[in-house]
Asker: 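One structure follows; several queries about it will come next.
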Amino acid sequence: MNPLTRAELPSEATALARFLIGKLIVRDAPEGRTSGRIVETEAYLPGDAACHAFRGETPRNRTLFRQHGHAYVYISYGMHRMLNVSAEDEGIGAGVLLRAIEPLEGFDLMRARRGVERLTDLARGPGRLAEAMAITMGLDGDDLCAPGPLWIADDGSPAAEIGVSVRIGITKETDRPLRFFERGSRFVSGGKALNV
DNA sequence: CGGCTGATGATCT
DNA sequence: GATCATCAGCCGG
């Protein structure tokens with residue numbers, strides 16, 4: 001398991017969203033380590049009305065404007081946290097939403113946090129992923145390319161076959177093909193029709 | 001299964 | 001005051 005450096009990450013949101021499929025996200029918490037293979041992402045681009053950065057920088061979305069490879073965390077529907085990766089150069093607001101992982105380490109910790117047993121229910125969907133990985137608002141702004149509580153890595157596993165679809169659950173710019181996923185994975189959200 | 005709905009609060013207008 | 005990158009639970013077929 002090799003930590004990813006910033007230089008290895010594409011600094012364009014669509015390319016980064018594709019690149020992250022099959023990579024690892026690792027959470028080192030006081031209770032222990034949980035990690036997973038990223039199997040589903042969505043890109044939110046500069047000039048994209050669905051992107052939180054669309055109306056300019058605010059206190060909430062400021063990490064979207066940081067150099068690519070920082071964690072942008074926010075709360076959705078008052079209760080779910082979403083984990084994103086800032087995607088472009090300093091000053092350009094764009095991000096990649098992590099929507100699902102295939103759990104690799106810390107199954108029981110994830111089960112305890114989620115309150116469910118089934119492996120495929122632990123981190124399928126962005127809210128579930130964040131809960132399983134104990135993503136808190138305190139992680140907003142964390143550098144994913146540096147040692148710390150949350151980081152990304154490559155385990156050298158073969159490149160997955162990547163499927164593409166429109167993004168899920170948004171109300172603007174609904175026709176853009178900016179959702180990426182590992183084809184056929186049981187750990188992808190959105191139902192059978194959305195994993196081919 | 002698929003479809004619908006209530007929960008719930010930060011954020012911005 | 002409206003909006004919202006979600007989820008679990010419930011209902012019907």
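In what follows, chains are A, B, ... by sequence order, proteins preceding strands, each numbered from 1.
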Asker: Not counting sequence neighbours, list each pair that qualifies as a ring-ring contact (aromatic ring centres under 6.0 Å, His included) and has a residue in residues 161-187 of chain A.
Answerer: none
Asker: Can a side-chain donor-acceptor contact be found between A/R118 and A/T120 if the only test is distance below 3.5 angstrom?
Answerer: yes
Asker: For residues A/V116 and A/L122, determine if any side-chain heavy atom of one lies less than 4.5 Å from a side-chain heavy atom of the other.
Answerer: yes
Asker: Which donor-acceptor pairs under 3.5 Å do the side chains of residues 71-85 of chain A make with protein atoms, sequence neighbours left out?
Answerer:
residue	atom	partner	partner atom	Å
A/Y72	OH	A/H52	ND1	2.8
A/R81	NE	A/I135	O	2.7
A/N84	ND2	A/Y72	O	3.1

Asker: Could you check how far CG of A/N61 sits from P of C/dA5, rounded to whole Å?
Answerer: 13 Å
Asker: In this structure, which one of A/L4, A/L9, A/T5 forms a side-chain contact (heavy atoms from CB on, under 4.5 Å) with A/C145?
Answerer: A/L9
Asker: Hey, mind stepping through A/R111 and A/L119 against side-chain contact (heavy atoms from CB on, under 4.5 Å) and telling me if it holds?
Answerer: CA-CA 8 Å; A/R111 287 189 174 108; A/L119 212 54; 4.1 Å; yes
Asker: Decide yes or no for A/T14 and A/L45: does some side-chain heavy atom of the first lie under 4.5 Å from some side-chain heavy atom of the second?
Answerer: yes
Asker: Describe the nucleic acid contact of A/R60 in one word from base, sugar-phosphate, nothing, applying a heavy-atom distance below 4.0 Å.
Answerer: sugar-phosphate
Asker: Of all the base pairs, Watson-Crick or G-U under 3.5 Å, which form stems of three or more consecutive pairs involving DNA chain C?
Answerer: B:1-7 with C:6-12, B:9-12 with C:1-4
Asker: Less than 4.0 angstrom between a side-chain N/O of A/K172 and OP1 or OP2 of C/dT3, yes or no?
Answerer: no
Asker: For DNA chain B, which residues in residues 16-27 of chain A have a heavy atom at a distance below 4.0 Å?
Answerer: none
Asker: Would you jot down, in residue-number order, the residues of residues 47-58 of chain A having a non-hydrogen atom under 4.0 Å from DNA chain B?
Answerer: A/R55, A/T58
Asker: Return the value, rounded to whole Å, for the distance between atom CD of A/E42 and atom C1' of C/dC4.
Answerer: 14 Å
Asker: Hey, can you pull the residues of residues 72-98 of chain A with a non-hydrogen atom under 4.0 angstrom from DNA chain B?
Answerer: A/Y77, A/G78, A/M79
Asker: Listed by chain and number, what are the salt bridge (charged side-chain N to carboxylate O under 4.0 Å, His left out) partners of A/R176, not counting sequence neighbours?
Answerer: A/E173
Asker: Looking at residues 101-117 of chain A, who's got a heavy atom less than 4.0 Å off DNA chain B?
Answerer: none
Asker: Using side chain to side chain donor-acceptor pair (under 3.5 Å) as the criterion, list what pairs up with A/R55, not counting sequence neighbours.
Answerer: none
Asker: Any side-chain heavy atom of A/P126 sitting closer than 4.5 Å to one from A/L97?
Answerer: yes
Asker: I would like to know whether A/D140 and A/R62 meet side-chain contact (heavy atoms from CB on, under 4.5 Å); could you show each step before the answer?
Answerer: CA-CA 10 Å; A/D140 183 48; A/R62 71 182 274 307; 5.5 Å; no
Asker: Does the side chain of A/S185 come within less than 4.5 Å of A/V39's, by heavy atoms?
Answerer: yes
Asker: Do A/R18 and A/V164 come close enough that some side-chain heavy atom pair is under 4.5 Å?
Answerer: yes
Asker: Sort and list the pairs that fulfil side chain to side chain donor-acceptor pair (under 3.5 Å) and have at least one residue in residues 33-51 of chain A, not counting sequence neighbours.
Answerer: A/D28-A/R33, A/T34-A/R113, A/S35-A/E105, A/R37-A/S157, A/R37-A/E182, A/E40-A/R99, A/E40-A/R179, A/E40-A/S189, A/E42-A/Y44, A/D48-A/R167
Asker: Is any side-chain heavy atom of A/I25 closer than 4.5 Å to a side-chain heavy atom of A/L150?
Answerer: yes
Asker: For residues A/L24 and A/D154, determine if any side-chain heavy atom of one lies less than 4.5 Å from a side-chain heavy atom of the other.
Answerer: no
Asker: How many Å lie between CG on A/L64 and C1' on C/dA5, as a whole number?
Answerer: 11 Å
Asker: Under 4.0 Å: is that the gap between some side-chain N or O of A/T171 and OP1 or OP2 of C/dC4?
Answerer: yes
Asker: Restricting to salt bridge (charged side-chain N to carboxylate O under 4.0 Å, His left out), what partner residues turn up for A/E12, sequence neighbours left out?
Answerer: none
Asker: Report, as yes or no, whether the 6.0 Å neighbourhood of atom CZ on A/R186 holds more than 12 heavy atoms from other residues, nucleotides or ligands.
Answerer: no
Asker: Got a sec? Which of residues 119-145 of chain A come in under 4.0 Å of DNA chain C, heavy atoms?
Answerer: A/G125, A/P126, A/G127, A/R128
